[in-house]
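Beneath this line is the structure, given in structure tokens, with notes to follow.
Every chain is numbered from 1, with letters handed out A, B, ... down the list of sequences.
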Number of protein chains: 4
Amino acid sequence: MRVKDDTKFRAICDATISLVNEIGFAAASVAKIAKRAGVSPATIYIYFDNKDDLLVSTYTTIKKEMSEAMLAGIDLQAPVRDIFQQIWRQTFVYVTQHRDKFQFTEQFANSPYVDQVDSTEIDRYFAPVFAVIQRGIDQKIIKNVNFDLLSAFMFFPILTLANSRLCRSFTPTEENIDISFSLAWDAIKL
Amino acid sequence: MRVKDDTKFRAICDATISLVNEIGFAAASVAKIAKRAGVSPATIYIYFDNKDDLLVSTYTTIKKEMSEAMLAGIDLQAPVRDIFQQIWRQTFVYVTQHRDKFQFTEQFANSPYVDQVDSTEIDRYFAPVFAVIQRGIDQKIIKNVNFDLLSAFMFFPILTLANSRLCRSFTPTEENIDISFSLAWDAIKL
Amino acid sequence: MRVKDDTKFRAICDATISLVNEIGFAAASVAKIAKRAGVSPATIYIYFDNKDDLLVSTYTTIKKEMSEAMLAGIDLQAPVRDIFQQIWRQTFVYVTQHRDKFQFTEQFANSPYVDQVDSTEIDRYFAPVFAVIQRGIDQKIIKNVNFDLLSAFMFFPILTLANSRLCRSFTPTEENIDISFSLAWDAIKL
Amino acid sequence: MRVKDDTKFRAICDATISLVNEIGFAAASVAKIAKRAGVSPATIYIYFDNKDDLLVSTYTTIKKEMSEAMLAGIDLQAPVRDIFQQIWRQTFVYVTQHRDKFQFTEQFANSPYVDQVDSTEIDRYFAPVFAVIQRGIDQKIIKNVNFDLLSAFMFFPILTLANSRLCRSFTPTEENIDISFSLAWDAIKL
DNA sequence: GATGAATGAGTGTTCATTCAT
DNA sequence: CATGAATGAACACTCATTCAT
């Protein structure tokens, strides 16, 4: 299938995101998504192979947009700490401004659907970050431990803090963002 | 007349957990759960009001068991750091030994179903932990910041690291667990 | 099956009547009837063979009670017109005082369940009335036409008038009952 | 795209009518109706909101057709008695030629489903008849009594006589129809 | 390209009935 | 006698998907 009308494509994705957030994968039927997007159920099958493809495509589309927002304007030559702080801030901004998309990815990533995603593609989006981590380790600025372990303190706390389902008392003000970054940095720095 | 059977209750919960992990909430139908549990679909409705109740009850049952395992044998008079280290270890042990139950809670917590949970009940299970955090802050051992922020570094990294969907290269050996705890402690300690 | 506890038998019948009137045959399940009667579903099967038997027995029980009320204290030697007037009045009184039972029979008589009723037994209850009609014909007081035709004017209008679903503006006062009887009599008298 | 098919609508209604007559509302499931109509169960939900809507729509459709047949070609300027006699005859003809539809309405009218019908719409169909009754009263041809009371003798006996469940010995020949009308007229005339 | 009608398979749930106690 | 647990079959209804237009 090839995209003909980008407006319709977005409308369908947006309808998917909001509906899945509201009622979950189970109840978000193609018919309901079509109705919310203002198209016929049959039209969805012009843009997507099937329901799974619709969900997976929506997820990867968001992930790509998300990675671009996180890494926008990053100067990879800057000091490691500055790079992370900028990523940290930009991630918070993106997540805050696109709560619905973010919430969708969280639900998706914890469901069996995620197994259908081509993880190498997602990894490619975030490759520059991995390079910076490696530089930090080489320069003995960051602890020399497993990558997953560093990510668990460097990035996942953002997802936790931004997840309104999990954290109800934390508000992402400028100040709170910087405080939370300092905790992350304390965790991983040597 | 026959008597309600606790082994049947467990069989239904266990079937729910494994099936939801394999195919997700959407595809885990009552009929399939019943078949796996070795009972009639109608029997499920003797033990639970409806499908939602089945899922929510399964979740809260696990959460209770989980909190008991985390806090088992904790000496609340011990130094704050020791308490956290013990909780950290016990959580890892529980999560590692009950991957399926843990995975279920992760998927559940990121779905709209979680809104149906009585969160005050869950909070009660974990109340002792909150008390220890407060003591740490009062004794100027732990940073005086928002509770959600501390949790995001103190506990959620465990969930991330133990989540095989997210972290494929991290293995929870004795050593790795202690290393990861040291990152967490660096993050929150003053 | 044999009746052991008449109180329970009545309770089940009464529950059946009220529930069927409220929600119809389709929705009136054995479980709901049992709950309303304050017994276990299994108990119903001690008093009745199955659901159909429950409904049919309830119907014939009412019909018998109804015929007794209609014909109570009738002097079969009295003039034909007087007999009919008394029957007419007594029928109205019964129907008015037992609206629920009456409504049940109306719904039942218009459903396929009625085919399961032994109609000769019902006819036997009303045999004395048929004898009076015959006497009226022989005495050239009543028109010599088909029995069903006479019944259609002599008795069914009562059912119609007493049926609150059909007649909303007619109220069965003493006066209205006598007026309506005069119409019936005008219809059938020679 | 395909277009909604009126023959399908009729096929579903007809299947509903015959099946409900045979086995009642309770047993006439959507699946059975669909099978008899030669469509998929899902198709029924394209033409009707739900099962209740299917039954109610079928009822009102019949009632409309019935009222049109009863009042066809009536000269409202003719003498009151002639008008009623023509209505009486036409009703008998309709009921005799559409026993199944008629039987359905009788069962329906005595069930709780009837409460879902918009009775004002039904009344509108029969409004001309009410006007004639009023004229008869004003001209002192018909007894000045409650409308429901007149109907109970003027129209309901037809339903009774035509109801094969109730009247097994009455056959609606030309002669019998006129005889029965004379009884009705005797009942209501001044 | 886009649609709504159409569908067989499936959904969550309740059914009438039986069984062990 | 009386019960509530237990069940396979059926319920009303919705699903993802296809098809004719």
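Residues passing the salt bridge (Lys or Arg N to Asp or Glu O under 4.0 Å) test with A:Glu121: none are found, sequence neighbours excluded. Considering only residues two or more places apart in sequence or on other chains, D:Tyr45 meets the ring-ring contact (aromatic ring centres under 6.0 Å, His included) condition with none of them. D:Arg10 pairs by the salt bridge (Lys or Arg N to Asp or Glu O under 4.0 Å) definition with D:Asp6, not counting sequence neighbours. Every side chain to side chain contact (heavy atoms under 4.5 Å, CB included) that C:Gln103 has, sequence neighbours left out, goes to C:Asn21, C:Arg165. The side-chain hydrogen bond (donor to acceptor under 3.5 Å, both in side chains) search around C:Ser119 returns none, not counting sequence neighbours. The side chain to side chain contact (heavy atoms under 4.5 Å, CB included) search around D:Thr16 returns D:Ile12, D:Val20, D:Ile33, D:Leu54, D:Leu55, D:Thr58, D:Phe104, not counting sequence neighbours. By the side chain to side chain contact (heavy atoms under 4.5 Å, CB included) test, B:Glu68 is found to be paired with B:Lys64, residues two or more places apart in sequence or in another chain being considered. Judged as a ring-ring contact (aromatic ring centres under 6.0 Å, His included), and not counting sequence neighbours, C:Phe102 has no contacts. Scored by the side chain to side chain contact (heavy atoms under 4.5 Å, CB included) test, D:Asp52 finds D:Asn50, D:Tyr113, D:Gln116 as partners (sequence neighbours excluded).
Annotated stems with DNA chain E as a participant read E:2-21 with F:2-21, given as range with range, by first number; only runs of 3 or more Watson-Crick or G-U pairs under 3.5 Å qualify.
Remark: C:Lys8 is in phosphate contact with F:dA2, judged by side-chain N or O atoms under 4.0 Å from OP1 or OP2.
Note that CG of D:Asp115 and CD of C:Glu22 are 11.5 Å apart. Values are rounded to the nearest 0.5 Å.
Look at CZ on B:Phe9: it is 13 Å from P on F:dA6, rounded to the nearest Å. Rounded to whole Å, atom C1' of F:dC1 lies 12 Å from atom CD1 of C:Ile12.
Each of E:dT13, F:dA2, E:dA6 was ranked by its minimum atom distance to the side chain of D:Thr43; first place goes to E:dA6. Closest to the side chain of C:Pro41, from the set E:dG4, E:dT13, F:dG4, is F:dG4.
Heavy-atom nearest nucleotides on DNA chain E were determined for D:Ser40 and for A:Val39, and the one closer to the 5' end corresponds to A:Val39. Toward the 5' end of DNA chain F, the nearer of the two residues B:Gly38 and A:Ala42, judged by each one's closest nucleotide, is B:Gly38.
Geometric assessment of B:Lys8 against the ring of B:Tyr47 yields a negative cation-pi assignment under the 6.0 Å and 45° thresholds.
The stretch residues 16-36 of chain C has no heavy atom under 4.0 angstrom from DNA chain F at all. Of the residues in residues 44-57 of chain D, D:Tyr45, D:Asn50, D:Lys51 come within less than 4.0 Å of DNA chain F through at least one heavy atom, sorted by number.
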